Amino acid sequence: MPRQVDHESRRRQIAEAVCRLADESGLEGVTLRDVAARAQVSMGAVQRCFGTKEEMLVFALTHIGERVAARVGARIAASPAQSARTALGHAATEVSLLQEEHRAEARVWLAFVAQAAVSPSLAEIVRTNYAGLQALFTRLIAEATEAADPERTARTLLALTDGLTTHVLIGHLTPAAALDVLDAHLNGLWGPAAA
């Protein structure tokens with residue numbers, strides 16, 4: 001009897017291979033042949049899971065977004081008694097991908113964001129991820145501050161976290177300096193200027 005393959009598990013395995021290759025050489029280094037080799041599956045297995053390279057990239061980008069969202073949710077849930085201010089700080093820190101253990105994920109995310117500028121299907125996934133994070137930030141800001149416009153404040157914070165990721169990856173800022181910028185911004189939200 002042939003062995004049953006968990007299709008969804010195989011797709012995630014392939015997505016992880018895409019991410020590892022993208023981390024090493026950007027999305028231009030992601031070929032079906034290399035993905036198959038890295039995932040330790042046949043080319044046919046990759047093609048059965050994904051009809052096109054674009055479909056494979058969309059799935060991999062969705063996978064990354066889900067990982068970041070899950071990590072943000074877990075960080076917030078880990079301390080249910082925490083204030084909205086603390087939860088916002090934790091969420092912003094996770095989204096900024098500044099920690100060393102998230103550096104590869106940050107490189108992959110930025111490779112996808114760059115490709116999304118010319119790929120409508122990838123752009124849709126990026127917009128969806130940003131919208132979900134912005135909604136979370138908006139809710140936490142509304143709970144934690146007296147900001148006149150929590151949604152605009154959330155957009156600003158999301159843009160800041162995203163920008164800090166880039167600044168750290170290219171070496172313009174150290175992770176410590178980027179965290180200092182983020183902390184200063186968050187501390188500014190709690191003052192009278194946020195009202």
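Predicted model, so just to flag it, every value in this text is computed and none were measured.
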The reported gap from CG in L97 to OG1 in T161 (rounded to nearest 0.5 angstrom) is 8.5 Å
So do the side chains of I14 and R10 get within less than 4.5 Å of each other, counting heavy atoms only? yes
Side-chain heavy-atom pair P175, E100 within 4.5 angstrom cut-off: no
Nearest 0.5 Å please: distance from the CG atom of L140 over to the OG1 atom of T153. 12.5 Å
Please report the C-alpha distance between V168 and T174 in whole Å, then the side-chain angles of each, then the deciding distance to 0.1 Å, and finally whether the side chain to side chain contact (heavy atoms under 4.5 Å, CB included) criterion is met. CA-CA 6 Å; V168 168; T174 65; over 6 Å; no
Can you name the nearest heavy-atom pair linking A178 to L164, along with the distance? O-CD1, 3.6 Å
Considering only heavy atoms from C-beta outward, does the side chain of W109 approach that of V68 to under 4.5 Å? no
Distance-only, no hydrogens or angles: does the N187 side chain make a donor-acceptor pair with backbone N or O of D183 under 3.5 Å? yes
Listing, residues 128-135 side-chain donor-acceptor contacts under 3.5 Å, not counting sequence neighbours, or none:
residue, atom, partner, partner atom, Å
T128, OG1, E124, O, 2.9
N129, ND2, I125, O, 3.1
Y130, OH, D162, OD1, 3.2
Y130, OH, D162, OD2, 2.4

Ignoring hydrogens and angles, tell me if any N or O in the side chain of T165 forms a donor-acceptor pair with the backbone of A106 under 3.5 Å. no
Side chain to side chain, V35 and K53, heavy atoms closer than 4.5 Å: no
State whether a side-chain donor-acceptor pair under 3.5 Å links T86 with S83. yes
Using the side-chain contact (heavy atoms from CB on, under 4.5 Å) criterion, which residues pair with H172? Sequence neighbours excluded. H167, I170
Report the residues that fulfil side chain to side chain donor-acceptor pair (under 3.5 Å) with R75, sequence neighbours left out, ordered by chain and then residue number. H90, E94
From CZ (F137) to CG (L158), nearest 0.5 Å: 6.0 Å
Indicate the atoms forming the closest heavy-atom contact of V118 with P120, along with that distance. O-CD, 3.8 Å
Do Q13 and E16 have side chains that approach each other closer than 4.5 Å (heavy atoms only, starting at C-beta)? no
Considering only NZ, NE, NH1 and NH2 on the basic side and carboxylate oxygens on the acidic side, decide whether E105 and R71 come within less than 4.0 Å. yes
Atom CG of L57 and atom OG1 of T52: how far apart are they, to the nearest 0.5 Å? 8.0 Å
Closest non-hydrogen atom pair, L98 against R103: O-NH2, 2.5 Å
Pairs meeting criterion ring-ring contact (aromatic ring centres under 6.0 Å, His included) with involvement of residues 51-80, two or more places apart: F50-F59
Which pairs of donor and acceptor atoms, one on a side chain in residues 17-24, lie under 3.5 Å apart (sequence neighbours left out)?
residue, atom, partner, partner atom, Å
R20, NH2, R38, O, 3.3
D23, OD1, R107, NE, 2.4
D23, OD1, R107, NH2, 3.0
D23, OD2, R107, NH2, 3.4
E24, OE1, R38, NH2, 3.0
E24, OE2, R38, NH1, 2.7
E24, OE2, R38, NH2, 3.4

Taking side chain as C-beta onward, heavy atoms only, is L88 less than 4.5 Å from L189? yes
Going by side chain to side chain donor-acceptor pair (under 3.5 Å), name the residues that satisfy it together with T93, two or more places apart in sequence or in a different chain. none
Would E66 and R12 satisfy salt bridge (Lys or Arg N to Asp or Glu O under 4.0 Å), going step by step from the backbone distance to the final call? CA-CA 11 Å; E66 289 169 351; R12 284 191 302 275; over 6 Å; no
May I have the step-by-step check of side chain to side chain contact (heavy atoms under 4.5 Å, CB included) for V95 and L136, ending in yes or no? CA-CA 11 Å; V95 169; L136 172 65; over 6 Å; no
The reported gap from CG in L61 to CD1 in I64 (rounded to nearest 0.5 angstrom) is 6.0 Å
In Å, rounded to the nearest 0.5 Å, how long is the span from OG of S42 to CZ of R33? 11.5 Å
Is the number of heavy atoms from other residues, nucleotides or ligands within 6.0 Å of CD (E101) greater than 12? yes
I'd like to check L27 versus V108 (side-chain heavy atoms, cut-off strictly below 4.5 Å). Are they in contact? no
I'd like to know if the side chain of E151 reaches the main chain of T138, judged simply by a donor and an acceptor atom lying under 3.5 Å from each other, with no hydrogens or angles considered. no
